[in-house]
Amino acid sequence: MPELPEVETIVTGLQRRVAGETIDSVWIGSRRQPLKSSPRVIARALEGKRIVRVHRAGKHIVFDLEAPDAVGGKRSGNYRRGWGHWVVHLGMTGRMVVTEPSVDVAKHTHLIARLASGRELRFIDPRMFGRISVHSAGFDPGGVEPLEVSEDRFIELFRGRKTPIKSALLNQKLLRGVGNIYADESLFRARICPRRRAAAVSRAELANLYHSVREVLREAIALGGSSISDYVDSDGDEGFFQLRHRVYGRESEPCTVCGSTIRRLVIGGRSSHYCPKCQK
DNA sequence: ATACCGACCTGTCAGC
DNA sequence: TGCTGACAGGTCGGTA
């Protein structure tokens with residue numbers, strides 16, 4: 001589901017709705033697939049903590065936590081001092097919703113954080129590709145933020161790489177936050193064929209790509225992300241950027257620029273959509 | 001070091 | 001109706 005614009009939208013909603021809240025208690029489902037630590041470690045890290053801020057790092061949701069009263073704080077462990085980060089990656093189908101406790105618990109709910117206000121923050125993920133972790137030190141997923149990096153540094157990321165430019169865009173250790181939809185859409189706007197070796201893309205073309213990536217991400221954020229099948233933000237609202245997709249999900253439809261038929265091919269195991277005439 | 005590819009999961013939809 | 005296979009917003013880890 002979620003690439004940078006969707007996560008940004010969710011984070012904005014969570015910041016508005018749960019920042020300042022204290023987590024009273026945590027329920028964790030029996031399926032341990034999405035957990036990077038044991039349920040006990042995660043529950044201990046979250047319970048009694050206040051959510052100071054919710055922000056985004058690549059496709060990760062980061063909750064900055066602190067203990068409201070460090071002196072009388074919780075048990076032992078790294079969190080006694082009262083700070084840490086709760087990190088949630090939504091994988092393909094993960095959702096974070098804020099609800100009243102009376103609302104039915106959806107199938108595939110793996111974690112419920114009960115908040116002091118009485119509301120609940122729930123993590124739902126049918127495919128269980130999402131991940132939940134807690135960190136006592138700072139959290140850095142690696143890679144650079146596309147909306148913060150300079151043009152020069154962006155161009156440097158691809159130097160000498162033999163992998164297809166599409167695969168390089170998806171590599172979170174280089175650029176973080178761009179996923180399959182926005183990689184395809186950015187390459188279309190920059191008129192670059194997704195199969196091209198990254199190293200073979202000229203400096204001028206990479207400069208175009210830099211601006212295309214940022215333009216696509218900004219537009220998508222403004223529209224609340226792309227809702228393909230079931231994506232909704234933390235308020236349950238859908239995004240609208242899917243209406244602006246020019247290649248993604250448009251196989252065999254006409255190119256919006258030249259009318260040629262949009263093609264789909266698999267690159268690095270991922271579906272890739274492009275216009276064979278516009279993209280060289 | 002780098003790059004490909006199957007594995008990890010459930011759900012949905014098209015085709016027969 | 002129901003079965004099968006392809007496909008889905010993402011990342012890992014093993015292998016070449």
Side-chain angles (χ1 to χ4, degrees), chain A residues 1-11 29-36 56-61 87-96 106-110 123-133 139-143 146 157-187 194-200 213 216-217 219-221 223-234 237-252 263-273:
Chain A
M1 164 212 308
E3 304 181 32
L4 188 153
E6 291 76 34
V7 178
E8 180 73 21
T9 302
I10 290 164
V11 156
S30 57
R31 304 298 293 267
R32 38 175 51 203
Q33 216 75 24
L35 307 180
K36 282 182 147 177
R56 180 187 62 73
K59 298 173 190 170
H60 303 263
I61 300 168
V87 177
V88 177
H89 192 295
L90 298 172
M92 291 275 250
T93 52
R95 296 164 55 196
M96 291 288 289
K107 196 177 176 184
H108 306 300
T109 298
H110 304 296
F123 172 68
I124 305 160
D125 184 14
R127 288 179 75 180
M128 294 194 286
F129 287 171
R131 291 292 178 264
I132 289 175
S133 58
F139 172 73
D140 177 13
L157 296 176
F158 305 99
R159 185 201 291 232
R161 297 197 176 266
K162 288 180 261 176
T163 196
I165 185 71
K166 163 77 183 276
S167 301
L169 280 177
L170 292 179
N171 183 343
Q172 303 295 298
K173 293 302 174 196
L174 299 178
L175 196 64
R176 67 194 199 199
V178 174
N180 210 28
I181 294 175
Y182 300 104
D184 281 3
E185 292 298 319
S186 301
L187 287 165
R195 281 181 300 199
R196 294 260 303 279
R197 305 274 128 186
V213 166
V216 163
L217 294 177
E219 283 181 25
I221 290 169
L223 293 179
S226 301
S227 290
I228 300 297
S229 62
D230 57 358
Y231 160 73
V232 289
D233 65 20
S234 60
D237 294 328
E238 295 184 347
F240 294 97
F241 191 72
Q242 68 279 8
L243 303 174
R244 301 269 188 96
H245 292 177
R246 298 181 192 169
V247 286
Y248 185 85
R250 298 192 63 245
E251 183 187 11
S252 30
R263 296 241 182 86
R264 184 182 86 90
L265 59 104
V266 175
I267 300 172
R270 309 302 303 280
S271 246
S272 303
H273 313 74

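If you're wondering where the values come from, they're calculated on a predicted model, not measured in any experiment. Quick note on labels: first sequence line is chain A, next is B, and so on, each numbered from 1.
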So what does A:Gly269 hit on the nucleic acid, given a heavy-atom distance under 4.0 Å: a base, only sugar-phosphate, or nothing? nothing

Residue-phosphate contact under 4.0 Å: A:Thr93 side-chain N/O, B:dC9 OP1/OP2: no

Do the side-chain N or O atoms of A:Gln172 get closer than 4.0 angstrom to the phosphate oxygens (OP1, OP2) of C:dT11? yes

Are the side chain of A:Asp233 and the backbone of A:Ile10 linked by a donor-acceptor contact shorter than 3.5 Å? no

Distance between the P atoms of B:dC9 and C:dC3, in whole angstroms? 24 Å

Is the shortest side-chain N/O distance from A:Arg161 to OP1 or OP2 of B:dA3 below 4.0 Å? yes

Under 4.0 Å between a side-chain nitrogen and a carboxylate oxygen: does that hold for A:Arg244 and A:Glu219? yes

Which part of the nucleic acid does A:Ser167 contact within heavy-atom distance under 4.0 Å: base, sugar-phosphate only, or nothing? nothing

Given atom CG of A:Asp184 and atom C1' of C:dA8, what is their separation to the nearest angstrom? 14 Å

Take atom CG of A:Leu4 and atom C1' of C:dG9, then tell me their distance rounded to the nearest Å. 13 Å

Think A:His108 has a side-chain N or O under 4.0 angstrom from the OP1 or OP2 of B:dT10? no

C:dT11 and B:dT12, which share atom name P, separated by this distance in whole Å: 23 Å

With rounding to whole Å, what would you report as the distance between C:dC7 and B:dC5 at their P atoms? 15 Å

If stacking means aromatic ring centre less than 5.5 angstrom from the base's six-membered ring centre, planes under 30°, is A:Phe129 stacked on C:dT11? no

Output field dot_bracket for DNA chain B (Watson-Crick or G-U, both distances under 3.5 Å, | for other-strand pairs) contains .|||||||.|||||||

A:Phe123 side chain near A:Leu90 side chain, heavy-atom distance below 4.5 Å: yes

Check whether any side-chain N or O of A:Arg161 sits under 3.5 Å from a backbone N or O of A:Leu157 as a donor-acceptor pair, and report yes or no. yes

Between C:dC7 and A:Arg264, is there an OP1 or OP2 to side-chain N/O distance shorter than 4.0 Å? yes

Is any side-chain N or O of A:Lys162 closer than 4.0 Å to OP1 or OP2 of B:dT2? no

With sequence neighbours excluded, tell me which residues meet side-chain contact (heavy atoms from CB on, under 4.5 Å) with A:Glu238. A:Ser227, A:Val232

Can you check the A:Arg250 CZ to C:dA8 C1' distance for me, whole Å? 19 Å

Report yes or no: do A:Asp184 and A:His273 form a side-chain donor-acceptor pair below 3.5 Å? yes

If you look at every strand shown and take non-hydrogen atoms under 4.0 Å, does A:Tyr248 touch a base, only sugar-phosphate, or nothing? sugar-phosphate

Atom CZ of A:Arg197 to atom P of B:dC4: distance rounded to whole Å? 6 Å

With a 4.0 Å cut-off on heavy atoms, is A:Pro5 in touch with a base, just the backbone sugar-phosphate, or nothing at all? nothing

A:His245: what forms a side-chain contact (heavy atoms from CB on, under 4.5 Å) with it, not counting sequence neighbours? A:Ile181, A:Glu185, A:Ser226, A:Ile228, A:Phe241, A:Gln242, A:Tyr248

A:Ser186 (side chain) donor-acceptor with A:Tyr182 (main chain) under 3.5 angstrom: yes

Of the candidates C:dG10, C:dA8, B:dC4, the side chain of A:Arg127 sits closest to C:dA8

Residue A:Met128, side-chain heavy atoms: nucleotide from B:dC9, B:dC4, C:dG10 that is nearest: B:dC9

So A:Lys59 and A:His89, side chain to side chain contact (heavy atoms under 4.5 Å, CB included) or not? Walk me through it. CA-CA 7 Å; A:Lys59 298 173 190 170; A:His89 192 295; 3.7 Å; yes

When rounded to whole Å, the CZ to P distance for the pair A:Arg270 and B:dG6 reads 14 Å

Separation of C:dG9 atom P from A:Ile10 atom CD1, nearest Å, is 16 Å

Once you round it to whole Å, what is the distance between C1' of C:dG9 and CD of A:Glu8? 16 Å

Whole-Å gap separating C1' (C:dG10) and NZ (A:Lys59): 6 Å

For a quick test of reading the model: is some side-chain N or O of A:Lys107 closer than 4.0 Å to OP1 or OP2 of B:dG11? yes

